[in-house]
J.: 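Structure provided below as structure tokens; questions to follow.
Residue numbering restarts at 1 for every chain, and letters A, B, ... go by the order of the sequence lines.
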Amino acid sequence: GAVVSQHPSWVICKSGTSVKIECRSLDFQATTMFWYRQFPKQSLMLMATSNEGSKATYEQGVEKDKFLINHASLTLSTLTVTSAHPEDSSFYICSARVGSRRSQETQYFGPGTRLLVL
Amino acid sequence: AQSVTQLGSHVSVSEGALVLLRCNYSSSVPPYLFWYVQYPNQGLQLLLKYTTGATLVKGINGFEAEFKKSETSFHLTKPSAHMSDAAEYFCAVSGSASKIIFGSGTRLSIRP
């Protein structure tokens, strides 16, 4: 089946530094990937939609300059948390969409990246 | 716009008992509905999804859900709970833009 990987699986960084998280579709190509954020014991909140070769579409309330998304190829999207602060600590999950028609679409989720900002 | 409401943040059942996790949705377009499971510190795994057609959807691990348009519900059931079913379960809805909106989640505990 379709597999989505994320790297790193967890990261600890100092406040003020930037952190890059990679999301890869291992055995399929994905023109669209999604980035979610999940706080402890809470649901997933969609942050942005990442389209290959174009700018990401951010959800309301998500800072574009804070969370930089790049979708340079059909198998890789990256999320960079710039100048991270403790409030950015969270579980970040990506998903990759397959299927060109809505009735055939499926999203496959990565295992998540846990970010802790000290 | 789409939204999902999961009734009950925590459900506890005995091993072998019926599992029922409730989900109601709101959608301005014909919805696609999903149930996902999340084990601790892991990503999400799709249990089942409804797109069109048959309203009773069977998924993995013995789970099934029924789409009831008149009740705007998509409840998840399993006839007999197993200890390995303990996890967080998310109901989700997708509209025409393919964005998935998740409910708040229900933590399922299984008593021996």
Side-chain angles (χ1 to χ4, degrees), chain A residues 1-10 21 23-26 30-51 56-60 62 90-116, chain B residues 1-11 21 23-25 27 29-54 57 59-61 67 87-109:
Chain A
V3 178
V4 175
S5 70
Q6 285 185 237
H7 178 81
S9 57
W10 61 271
I21 302 170
C23 176
R24 293 182 184 272
S25 55
L26 297 186
T31 55
T32 302
M33 293 184 175
F34 301 89
W35 286 96
Y36 296 84
R37 183 174 182 177
Q38 184 180 31
F39 290 104
K41 301 188 185 302
Q42 295 188 27
S43 187
L44 282 74
M45 299 300 295
L46 179 64
M47 298 175 66
T49 301
S50 171
N51 295 298
T57 302
Y58 291 81
E59 294 300 301
Q60 191 173 9
V62 177
S90 190
F91 194 47
Y92 293 89
I93 301 176
C94 73
S95 71
R97 186 178 72 187
V98 296
S100 56
R101 297 168 59 181
R102 185 184 177 219
S103 61
Q104 300 171 337
E105 287 179 359
T106 299
Q107 284 190 33
Y108 294 95
F109 286 79
T113 296
R114 188 163 301 283
L115 170 63
L116 176 61
Chain B
Q2 289 76 39
S3 67
V4 173
T5 301
Q6 290 185 240
L7 302 176
S9 59
H10 182 211
V11 171
L21 304 183
C23 172
N24 288 89
Y25 71 91
S27 179
V29 299
Y32 284 8
L33 295 160
F34 310 83
W35 276 100
Y36 286 89
V37 61
Q38 184 180 35
Y39 297 98
N41 297 312
Q42 295 186 28
L44 275 70
Q45 181 180 10
L46 179 65
L47 281 178
L48 49 81
K49 69 175 181 180
Y50 167 80
T51 55
T52 58
V57 181
I60 62 173
N61 301 339
F67 171 62
E88 189 84 18
Y89 291 80
F90 293 96
C91 181
V93 63
S94 170
S96 57
S98 298
K99 294 191 296 185
I100 294 181
I101 306 300
F102 287 87
S104 55
T106 298
R107 181 165 61 91
L108 176 63
S109 299

J.: Suppose we screen for salt bridge (charged side-chain N to carboxylate O under 4.0 Å, His left out). Which residues come up paired with A/Arg37, at least two apart in sequence or across chains?
T.: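 A/Arg37 satisfies salt bridge (charged side-chain N to carboxylate O under 4.0 Å, His left out) with no residue once adjacent residues are dropped.
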J.: Take B/Phe102 and A/Gln38 through the test side-chain contact (heavy atoms from CB on, under 4.5 Å) and record every step on the way to the result.
T.: CA-CA 11 Å; B/Phe102 287 87; A/Gln38 184 180 31; over 6 Å; no
J.: Check whether A/Leu44 gets within reach of chain B through its side chain, its backbone, both or neither, counting any heavy atom under 4.5 Å.
T.: both
J.: Name the region of A/Ser9, side chain, backbone, both or neither, that has any atom closer than 4.5 Å to a heavy atom of chain B.
T.: neither
J.: Output all residues satisfying side-chain hydrogen bond (donor to acceptor under 3.5 Å, both in side chains) with B/Asn61, sequence neighbours left out; order by chain, then residue number.
T.: none
J.: Nearest 0.5 angstrom please: B/Phe34 CZ to A/Thr106 OG1, how far?
T.: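 Answer rounded to 0.5 Å: 7.5 Å.
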J.: Identify the heavy atoms of B/Gln42 and A/Phe91 that sit nearest to each other, and give their distance.
T.: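 That closest heavy-atom pairing would be O-CE2, 3.6 Å.
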J.: So, taking the atom named CD1 in B/Ile101 and the one named CD in A/Glu59, what distance separates them when rounded to the nearest 0.5 Å?
T.: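 With rounding to 0.5 Å, CD1 (B/Ile101) is 6.5 Å from CD (A/Glu59).
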J.: So which part of B/Gln6 gets closer than 4.5 Å to some heavy atom of chain A, the side chain, the backbone, both or neither?
T.: neither
J.: Is A/Gln107 close to chain B through its backbone or its side chain, or both, or neither, when contacts mean heavy atoms under 4.5 Å?
T.: both
J.: Can you tell me how far OG of A/Ser95 sits from CD1 of B/Ile100, rounded to the nearest 0.5 angstrom?
T.: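 Rounded to the nearest 0.5 Å, the CD1-OG separation comes out at 6.5 Å.
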J.: How close do B/Ser104 and A/Ser43 get, counting heavy atoms only, and between which atoms?
T.: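 Shortest heavy-atom separation between B/Ser104 and A/Ser43 comes out as CA-CB, 3.7 Å.
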J.: Would you compute the distance between atom OG1 of A/Thr57 and atom NZ of B/Lys99 and round it to the nearest 0.5 angstrom?
T.: 8.0 Å
J.: Give, as side chain, backbone, both or neither, the part of A/Gln6 having an atom under 4.5 angstrom from any heavy atom of chain B.
T.: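 It is neither, since no heavy atom gets under 4.5 Å.
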J.: What's the spacing between B/Leu46 CG and A/Phe109 CZ if we round to 0.5 Å?
T.: 8.5 Å
J.: Is B/Tyr32 in contact with chain A via its backbone, its side chain, both, or neither, using a 4.5 Å heavy-atom distance?
T.: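 For B/Tyr32, backbone and side chain are both near chain A.
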